[in-house]
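To keep things clear, I will list the structure first and then write my remarks on it.
From a predicted model like this one, the values you see are computed outputs, not experimental measurements. A note on names: the letters A, B, ... follow the listed sequences, proteins ahead of strands, and every chain is numbered from 1.
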Amino acid sequence: MNSPLNALLVVVLALNLFALGTSRLVTVIKIVSLQGVLLGLMPLMIEEHVEWESLLAMGGTILLKGAVIPWMMMRAIREVEIRREMEPLIGFLPSMLLGALATGLALLFSKSLPLASEHTAPLLVPASLATIFVGFILLTTRAKAITQVMGYLVLENGIYIFGLLLLGVIPLMVELGVLLDLFVAIFIICIMVNHINQAFSSLDTRRLSELKE
Amino acid sequence: MNMFIHLVLMLAMPPLLLGVINKTKALFAGRKGPPLLQSYYDLIKLARKSVVISRTTTWIFIAAPVVTLTSIAMAGLLVPLGPFGAPVSFTGDLILFAYLLAVGRFFTTAAALDTGSSFEGMGAAREVTFACLSEPILFFALLVLARISGSLALGDLLHAPLDAGGQGDIASLVLVAIGLFILLLAENSRIPVDDPNTHLELTMIHEVMVLDHSGPLLGLILYGASIKLFVIGAVLLHVLFPFQSGSALLDWGVFVAEMLGVAVAVGVVESTMARLQMRHVPYLLIAAILFCAFGFVLLVR
């Protein structure tokens with residue numbers, strides 16, 4: 001039962017590294033949305049008998065992370081007309097290596113965590129730690145507001161993986177609430193990105209600290 | 001009997017793969033494309049042409065295509081096709097396999113340097129630089145398979161995915177499959193790494209090294225390159241689609257179909273992706289090394 005889940009999780013880890021290594025925003029958006037779809041499929045592999053409630057949550061996750069959010073992000077970058085992340089604080093190759101290091105350490109350290117025995121065999125915990133860390137790297141080292149949003153999404157994906165440990169315990173309402181929060185956050189950010197672009201004629205967050213009339 | 005089919009497939013099928021790749025690319029571009037057997041016609045045409053050899057070259061220039069072809073063909077003998085055994089198999093032959101590939105590369109680059117052309121020297125330098133990164137991919141991948149199977153002979157090691165299915169195994173095999181596919185593209189100078197169609201010396205890797213070869217010698221190089229695609233494709237298939245039905249005929253049929261499938265996949269990648277900038281190629285290769293290394297970490301942790 002765990003093997004297909006682990007296979008999906010390592011694909012998620014691989015996507016993390018590709019997200020760190022590429023400079024094209026469109027590619028990053030595609031990678032993160034693919035990651036979201038894969039995460040949405042995971043409950044199918046964990047639960048033995050799937051109920052309609054979890055199917056609803058799954059469908060919501062896949063629809064939101066795989067279609068709605070990417071669509072909003074694509075729209076946002078089309079309107080502000082940026083294609084690439086030009087000057088990251090840490091280069092693409094070093095940040096990829098950093099992400100790889102984080103993944104390796106997460107794999108090694110998660111073994112020494114005091115986990116319930118049914119949680120040690122699947123890679124859920126290391127994958128979630130690694131994804132959260134990659135999200136942090138994207139958030140902190142990229143200068144463009146859009147890429148930081150992608151970092152936020154990757155971070156959220158990592159937390160979602162961790163949440164899979166509690167599958168079946170979290171009520172449907174909470175899961176849907178989390179999805180709604182995510183949707184609203186991204187929605188507002190996309191509007192803000194537009195406004196930042198109009199006010200500063202750039203999405204470089206380093207310039208936001210300059211005072212302007 | 002199986003050994004005979006192995007030899008026939010390995011020697012006769014590779015140019016067809018190039019044809020399938022080109023046909024796939026043509027379909028994507030909305031063209032009709034060259035016939036599937038075009039590579040065979042090309043090889044026959046080249047075999048009948050005369051050779052022009054530069055006066056600055058030495059015997060290495062003539063020996064290189066022969067040595068490259070032979071070493072690749074020998075490497076092909078070590079790799080089992082589908083669920084069948086390899087014609088030659090002994091403990092530790094994975095090292096021989098890696099170094100047979102390296103010998104072929106060494107002679108190709110030596111011949112490129114032998115011409116004294118600066119363009120070919122550049123191509124040779126690039127080929128060797130990227131080889132530094134692509135060899136660890138192969139070794140890590142084989143290491144993972146050796147760990148799963150507990151054997152150091154390619155014949156047994158590559159059959160490990162057939163009877164795998166333990167806890168961490170499938171996860172590592174997925175990672176190794178991604179790594180090997182990137183290796184396939186890099187080693188055969190396919191698109192994200194190198195463009196086999198381009199004839200702009202400044203951006204080529206493999207094609208630029210063989211600019212001075214002509215006639216039958218060029219034919220040998222093209223044929224050797226296609227066998228390399230076949231051999232590395234066979235290694236990848238073991239990880240990607242381990243399949244055994246029990247009936248020999250069906251297994252061979254499935255193997256041939258899978259191989260053509262790999263060629264189609266390469267064609268799809270070539271049609272949908274742009275070539276990477278030369279300085280970005282190492283990122284891709286390092287990512288592939290990391291995937292295979294993770295696969296190993298997953299197994300030993």
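Using a 30° and 60° split on the angle between ring planes, B:Phe84 and B:Trp252 fall in the parallel class, below 30°.
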Query - Audit row: A:Phe18, B:Phe291, ring pair (Phe, Tyr, Trp, His ring centres under 6.0 Å) steps and yes/no - result: CA-CA 11 Å; A:Phe18 277 124; B:Phe291 291 153; 5.6 Å; yes

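Formation of a donor-acceptor pair under 3.5 Å by the B:Thr272 side chain with backbone atoms of B:Val268 is found in this model. Listed for the B:His206 side chain is no donor-acceptor partner under 3.5 Å among the backbone atoms of B:Asp195. Between the A:Ser95 side chain and the A:Phe92 main chain, a donor and an acceptor come within less than 3.5 Å of each other. Between the side chain of B:His238 and the main chain of B:Pro80, a donor-acceptor pair closer than 3.5 Å is present. Here the side chain of B:Asp251 pairs no donor or acceptor atom with the backbone of B:Gln244 at under 3.5 angstrom.
Residue with the most contacts toward chain B among A:Leu8, A:Val11, A:Leu17: A:Leu17 (heavy-atom pairs, distance under 4.5 Å). Per-residue heavy-atom pair counts under 4.5 Å with chain A were compared for B:Ile178, B:Leu284, B:Leu290, and the maximum is reached by B:Leu290. Here A:Ala14 is the residue among A:Gly21, A:Gly104, A:Ala14, A:Pro126 with the most heavy-atom pairs under 4.5 Å with chain B.
Both the backbone and the side chain of A:Leu93 have a heavy atom closer than 4.5 Å to some heavy atom of chain B. If you measure heavy-atom distances from B:Tyr283 to chain A, the contacts under 4.5 Å come from both the backbone and the side chain. Looking at A:Leu107, both its backbone and its side chain come within 4.5 Å of chain B, counting heavy atoms on both sides.
A:Lys30 is linked by a side-chain hydrogen bond (donor to acceptor under 3.5 Å, both in side chains) to nothing, counting only residues two or more places apart in sequence or in another chain.
Residues of residues 60-73 of chain A placed with any heavy atom under 4.5 Å of a heavy atom in chain B are absent; none qualify.
By the 6.0 Å contact criterion, CZ on B:Phe139 is enclosed, its count of non-hydrogen atoms from other residues, nucleotides or ligands being greater than 12.
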